[in-house]
Amino acid sequence: MRTLFNQLTPINLAATLCNRFSNSNHLCTSISASPNLPINQIAHIICCVLQECTSFSCLKKTHAKIFAYGLQYDSRILTKFAIMYVSFNRIDAASIVFEDIPNPCSFLWNVMIRGFATDGRFLSSLELYSKMMEKGLKPDKFAFPFALKSCAGLSDLQRGKVIHQHLVCCGCSNDLFVDAALVDMYAKCGDIEAARLVFDKMAVRDLVSWTSMISGYAHNGYNSETLGFFDLMRSSGVIPNRVSILSVLLACGNLGALRKGEWFHSYVIQTGFEFDILVATAIMDMYSKCGSLDLARCLFDETAGKDLVCWSAMIASYGIHGHGRKAIDLFDQMVKAGVRPSHVTFTCVLSACSHSGLLEEGKMYFQLMTEEFVIARKLSNYACMVDLLGRAGQLSEAVDLIENMPVEPDASIWGSLLGACRIHNNLDLAEKIADHLFHLDPVHAGYHVLLSNIYAAKSRWNEVEKVRKMMARRGANKIQGFSLVEYDNQVHKFGVGDRSHPQWEKLYAKLEELAAPMKHLGYVPLTDFVLHDIEEEAKEAALSYHSERLAIAFGLINTSPGTTLRITKNLRICGDCHNAIKLISKIVNRVILVRDMHRFHRFEDGVCSCGDYW
DNA sequence: CTAGGGTTAG
């Protein structure tokens, strides 16, 4: 062995040794046995050995050896260790090593910034980025994509803009990677216009930059733009891949555009992406959001190698369609199949229980989550539970739960409770919550509307007016309700009392025509859902032209008898429309599917699948 | 050493 050491160059030596010894432990033992080896050769050998390390523990063992040679202050060696630790996702270990390096090279800074960013520790990542600047080092084109990713992860637009300025100063704009990261950062921070500006200025755009933009549109609710941009990308000669397809599927689901979604499904089959678990899950979810639960389930059954997300998506699908029991059954099957649920899975299960009124089951799974599965509860889990209790009328239990939460409840938690107060017309509690809620989120229109609805239900018109003024003062503008319906490969959009559609006169005539048979079946308008104290007759008019009714009229006029109507609405369906549509389904003898903000309502023969529990 | 990605409450 000793002759071997003397004859070979360090690199060759290390390579030889690595072949001969299965791990660095043996190797270091051999080095110890050869005391004559010059220190820089040992350093070389250790560097080579490091690259061969296949696990964190192997790395740690090798690391322990360097102290014996006094190499623990060798920047070159430490740098390698830090990089290797990052490559094994051991950012903390890397960080400790990093601290000991007096003047890290920018390469290492970048690796560290990337390490924190990929680990989801965006603040630490940005802290390092700032530290690097403080040390007088100029970030390079490799540093910016990671720093921007961290801003995106934090949705921190302000910091993103600052880094945008830095990269312009450093002459790094017009780099394909940097620009793509900028587009992504702006999109994830919700500033889609800024994302588009960067995108438009790019001299060269590849598939990834197009996809960043498309995904930005999809995730910010610009659904038709998503589809339009996808077409634009294809016509400019860029071939879509599985990632870009995920965004269009999301958009189809959001729009409830079933035909379009089917087209993409067949496109996926043609292009061979159908066996990709992410694509398969996205297609499943699209079908479910477009109202085709059965198709979603077929796909689910056909999918090989179902993972946690795939299972959770199917459970969520049962939930929004009001099949709580099936959601629970599927959860149990998932556990039996050996897939470990996550806090998201529990959110899906709890929400399914809530929509189906499965109070005891929900309580049980809420317990099971921590006790059996040892999963920390997140805000979304509490929100579901508050919703479940509140909807079931257990308002004081819901309050109890909130008061004993280990984390600070946010607006969404109080919002759930306020929603329950609306259902049960509990004004006292609502007023107490509202104070708190408006403090946490003063510009949320929905919460104001809920409170106002409770006042309206009690004919407290002065207070209704007060809330309305409060909203105006705070700039909490009511979100315009709209409904979508797909027809002839087009998504048609209707607003409240909309007269902009080419067929508007026919639509109103259709609703007029339905008024008499509805009255005959006992329809009485539920006018508490009108925000203002106006004349009864005007209220009735305001209600009868809600966007979902116009969308239904459109569907009735343009499709053949018996065709299922599928409507997607951006807000919650109001109680009056819910009553009206039940009757309409009976009169016209059609299945009418309405997906509102929270769930599906399947109207058939005068009843709704939600059993009026919503 | 660089980028885009499927499920989640209100």
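To find a chain, count down the sequence lines: A is the first, B the second, and so on, and within it residues start at 1.
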Task: Base B:dG10 paired with A:Ser416 side chain (donor-acceptor, <3.5 Å) - done: no

TODO: Record whether the side chain of A:Ser212 comes under 3.5 Å of the base of B:dG4 through a donor-acceptor pair of N or O atoms.
DONE: no

Open item on the list: Any side-chain to backbone donor/acceptor pair from A:Ser95 onto A:Asp92? Under 3.5 Å, distance only.
Closed with: no

Open item on the list: Applying a 4.0 Å non-hydrogen cut-off, can you work out what A:His444 is touching in the nucleic acid: base, sugar-phosphate, or nothing?
Closed with: nothing

Open item on the list: Once you apply a heavy-atom cut-off of 4.0 Å, does A:Asp184 come out as touching a base, just sugar-phosphate, or nothing?
Closed with: sugar-phosphate

Open item on the list: Heavy atoms from C-beta onward define the side chain here; which of B:dG6, B:dG4, B:dT7 lies closest to that of A:Lys149?
Closed with: B:dG4

Task: Selection from B:dC1, B:dT8, B:dG6 that lies nearest to any side-chain heavy atom of A:Phe146 - done: B:dC1

Open item on the list: Does A:Asp206 reach a base, just sugar-phosphate, or nothing at all? Heavy atoms under 4.0 Å.
Closed with: base

- [ ] Tell me, with the steps shown, if A:Leu417 and A:Leu395 meet side-chain contact (heavy atoms from CB on, under 4.5 Å).
- [x] CA-CA 8 Å; A:Leu417 192 58; A:Leu395 288 168; 4.1 Å; yes

- [ ] Could you state the atom-to-atom distance from NZ of A:Lys80 to C1' of B:dC1 in whole Å?
- [x] 13 Å

Task: Integer-rounded Å distance: B:dA9 P and A:Leu418 CG - done: 19 Å

Open item on the list: Which nucleotide wins on minimum distance to the side chain of A:Asp285, given the candidates B:dT7, B:dA3, B:dA9?
Closed with: B:dT7

- [ ] Please determine, for the side chain of A:Phe142, which listed nucleotide (B:dT2, B:dA3, B:dT7) has the closest atom?
- [x] B:dT2

Open item on the list: I want to verify a distance call: between B:dA9, B:dT8, B:dG6, whose nearest atom is closest to the A:Lys289 side chain?
Closed with: B:dT8

Open item on the list: As a test of reading the structure: which of B:dG6, B:dA3, B:dC1 is closest to the side chain of A:Leu176, going by heavy atoms?
Closed with: B:dA3

- [ ] Please determine if A:Lys336 and A:Asp332 form a salt bridge, counting it only when a charged side-chain N lies under 4.0 Å from a carboxylate O.
- [x] no

Open item on the list: Using a 4.0 Å heavy-atom cut-off, does A:Leu207 contact any base of the nucleic acid, only the sugar-phosphate backbone, or nothing at all?
Closed with: base

TODO: Tell me what A:Lys378 touches on the nucleic acid: a base, only sugar-phosphate, or nothing, going by heavy atoms under 4.0 Å.
DONE: nothing

- [ ] Return the value, rounded to whole Å, for the distance between atom NZ of A:Lys188 and atom P of B:dA3.
- [x] 12 Å

TODO: Look at all strands and tell whether A:Leu250 reaches a base, only sugar-phosphate, or nothing, counting heavy atoms closer than 4.0 Å.
DONE: sugar-phosphate

TODO: Respond yes when some side-chain nitrogen or oxygen of A:Arg599 is under 4.0 Å from OP1 or OP2 of B:dG10, and no when none is.
DONE: no

- [ ] Rounded to the nearest angstrom, tell me the gap between atom CG in A:Leu308 and atom C1' in B:dT8.
- [x] 11 Å

Task: Whole-Å distance separating the CG atom of A:Asp387 from the C1' atom of B:dG10 - done: 7 Å

Task: A:Leu258 vs A:Glu262, side-chain contact (heavy atoms from CB on, under 4.5 Å): CA-CA, chis, key distance, verdict - done: CA-CA 6 Å; A:Leu258 180 60; A:Glu262 279 173 340; 4.2 Å; yes

Task: Donor-acceptor pair present, A:Asp276 side chain and B:dG6 base, under 3.5 Å - done: no

Open item on the list: Any base atoms under 4.0 Å from A:Arg391, or only sugar-phosphate, or nothing? Heavy atoms, all strands.
Closed with: sugar-phosphate

Open item on the list: Without decimals, in angstroms, what is the distance between A:Tyr447 OH and B:dA9 P?
Closed with: 13 Å

Open item on the list: Given B:dC1, B:dG6, B:dA9, identify the nucleotide with an atom nearest to the side chain of A:Phe107.
Closed with: B:dC1

Open item on the list: Rounding to an integer number of Å, can you tell me how far A:Ile315 CD1 sits from B:dA9 P?
Closed with: 13 Å

- [ ] Look at all strands and tell whether A:Lys306 reaches a base, only sugar-phosphate, or nothing, counting heavy atoms closer than 4.0 Å.
- [x] nothing

Open item on the list: Could you tell me how far apart A:His219 (NE2) and B:dT7 (C1') are, to the nearest whole angstrom?
Closed with: 12 Å

Open item on the list: Can you confirm if the aromatic rings of A:Trp109 and A:Phe98 lie within a centre distance of less than 6.0 Å?
Closed with: yes

Open item on the list: Side chain of A:Lys141 only, heavy atoms from C-beta on: which candidate in B:dA9, B:dG4, B:dT2 is closest?
Closed with: B:dT2

Open item on the list: So A:Asn241, base contact, sugar-phosphate only, or nothing? Heavy-atom distance under 4.0 Å.
Closed with: base

- [ ] Check side-chain hydrogen bond (donor to acceptor under 3.5 Å, both in side chains) between A:Asp179 and all other residues, then give those that pass, not counting sequence neighbours.
- [x] none

Side-chain polar contacts of residues 316-323 of chain A - donor-acceptor pairs under 3.5 angstrom, sequence neighbours left out - could you list them?
from     : atom 1 : to       : atom 2 : distance (Å)
A:Ser317 : OG     : A:Ser288 : OG     : 3.0
A:Ser317 : OG     : A:Ala313 : O      : 2.9
A:Tyr318 : OH     : A:Arg297 : NH1    : 3.1
A:His321 : NE2    : A:Ser288 : O      : 3.0

Task: A:Ile277 side-chain proximity, nearest of B:dT8, B:dG6, B:dT2 - done: B:dG6

Open item on the list: When you measure from the side-chain N and O atoms of A:His598 to the phosphate of B:dA9, is any distance below 4.0 Å, counting only OP1 and OP2?
Closed with: no

